[in-house]
Q: 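A single structure is presented below for examination.
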Amino acid sequence: MPKNQPDDLFKLLAAAQHRLDEGFADLPPNPAPPLDEQAAAILDEVATKLHDNYPYAHPLYAGQMLKPPHPIARAAYALAMSVNPNNHALDGGRASSALEIEAVAALAKMFHWPQHLGHLSSGGTFANLEALWVAGQLAPGKAVAASDQAHYTHSRISSVLGLPFVAVPTDDTGRMDLTALEHLLKTENIGTVVVTLGTTAIGSVDPLDQILKLQGRYKFRIHVDAAYGGYFTLASNLAPEAREAYDAIPYADSIVVDPHKHGLQPYGCGAVLFRDPAVGRLYRHDSPYTYFSSKELHLGEISLECSRAGASAVALWATQRLLPYAPGGTFAQGLEAGRDAALELNRRLAHSSHFVTPATPPQLDIVFWAAKSGTTAGSSALAQHIFDEAARLDLHLALANLPIRFFPPDTWPQVEQNKTVTCLRSVLMKPEHLSWLDRIWQRLEAATGQAALSITQ
Ligand SMILES: *Cc1c(COP(=O)(O)O)cnc(C)c1O
């Protein structure tokens, strides 16, 4: 696994740790408790226990949304842990708070936001909670609307916040249906529309540009959930509809992006950004607005969470330094490679006699397909078999229950369009997936052959 070469990592880390310790060398020595043989045995036990994982970091893991942190993120995180800063307050994490402000500003710049208020969070769920908490205060009692393909946590978050929640139907490509949305907006009960740029199941991109046009006729707030898909704004190979949706991000009210999904970070790193810094007043009523746009803000005073790992901010900042969010840069190329891999896998699947592919190609880097069979039950069973056989060949895919309307109408013409079928699904989010595609394809074909045999036996 080239991304995990421990030699380089530990050598760099030791040197950086030495430099960090120098900063505190004037203090009387206070050695840490030694790690003795018992500790070594425990670590050995832990390492052995961790064998019980799928090989998430390897390109043959092509299932769920998992991407290994960049080695520099691992190193920076580990380094920061020797300080263990808390980014709740400047006193608890001075340097790491400053780095968080810079890292979040880099996200805002990537989205072409001229100003913002924002911070990191433990993940996308908490970041969305915060965005909807602000939205709910600005439109008390009004509903949150998100598509039926939006992340499942939106309805739960709304319930936590005591806000009504409405699911908006999607079209056959998994994008929010504009006619259905407008119908709902006419009721004047919708305070916030959650627009998902990159749904978690299939990577569909809601038409943000079109939804923004509706703001001319109806009053509502737009929150963009780009926890998974946000970084694709840097990719040069999006289809025109998706590009137009991403180009509209500067006009949204708030946005969530997860650096721990596509941003090469360890878990525990989400981000929420508000376009209008004045929402800071909702966090702390007795502070003047200017306080929140000052560089000296305490991140804890614009965050619902209290203690947060300063190490997350340090890791993100270091990764951004190495791989800036620049169109055409190495980081952007990594996203483009994943997307190219998805398009190529989809092309091969579409030409195969064993599979059914959706009517439109992948919108980002998630591919899904069904096993060809006369019935949805047969197709679902076959998908499960292929999934199992592929795992035996070290190819790890995912399964997803998806509505059959995502497939061409003649696939199962007798079946009600919203019934679901178990599909195979692959998130090709590692840059290496492109160069591994032949090996992935070979294993998928072999697994499909095995599955067909085991079903006829
Ligand atoms: C993953 C995801 C979330 C939830 O984020 P976590 O970091 O898992 O809490 C929310 N929305 C979308 C679109 C996601 O893909």
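Not measured: the values here are computed from a predicted model. Order of listing sets the numbers, starting from 1, for every ligand and every atom in it.
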Q: Which residue in the set Ile190, Val144, Leu181, Asn189 passes side chain to side chain contact (heavy atoms under 4.5 Å, CB included) when paired with Val166?
A: Ile190
Q: Does Gly198 reach ligand 1, in the sense of a heavy atom lying below 4.0 Å from it?
A: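 Judged by the 4.0 Å heavy-atom criterion, Gly198 does count as contacting ligand 1.
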Q: Tell me which one of Phe232, Phe111, Phe331 satisfies ring-ring contact (aromatic ring centres under 6.0 Å, His included) with Tyr325.
A: Phe331
Q: Nearest protein heavy atom to atom 14 (C) of ligand 1, by residue and atom, and its distance?
A: Lys261 NZ, 2.9 Å
Q: Measure across Ala371 and Ala383 and return the closest heavy-atom pair with its distance rounded to 0.1 Å.
A: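 For Ala371 and Ala383, the tightest heavy-atom pair comes out as CB-N, 4.1 Å.
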Q: Quick one: does His154 get within less than 4.0 Å of ligand 1, heavy atoms only?
A: no
Q: Within a distance under 4.0 Å of any heavy atom of His260, pick out the atoms of ligand 1 and give their elements.
A: 7 (O)
Q: Give yes or no for whether the N/O distance cutoff of 3.5 Å, strictly under, is met between Thr125 and ligand 1.
A: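 Right, the criterion is met.
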Q: Report yes if Thr196 has an N/O atom closer than 3.5 Å to an N/O atom of ligand 1; otherwise report no.
A: no
Q: Less than 6.0 angstrom separating the ring centers of Phe274 and His116, yes or no?
A: no
Q: Is there at least one pair of N or O atoms, one from Gly123 and one from ligand 1, spaced under 3.5 Å apart?
A: no
Q: Between His396 and Phe387, is the gap from one ring center to the other below 6.0 Å?
A: no
Q: Should one rank Thr200, Asp258, Ile157 by closest heavy-atom distance to atom 15 (O) of ligand 1, which comes out on top?
A: Thr200
Q: Polar-atom distance check: Thr199 versus ligand 1, any N or O pair below 3.5 Å?
A: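 Such a contact does not occur with ligand 1.
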Q: So that I can tick it off, tell me whether Glu188 and Lys142 are bridged by a salt bridge, with the cut-off set at under 4.0 angstrom between side-chain N and carboxylate O.
A: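 Salt bridge flag = no for Glu188 with Lys142.
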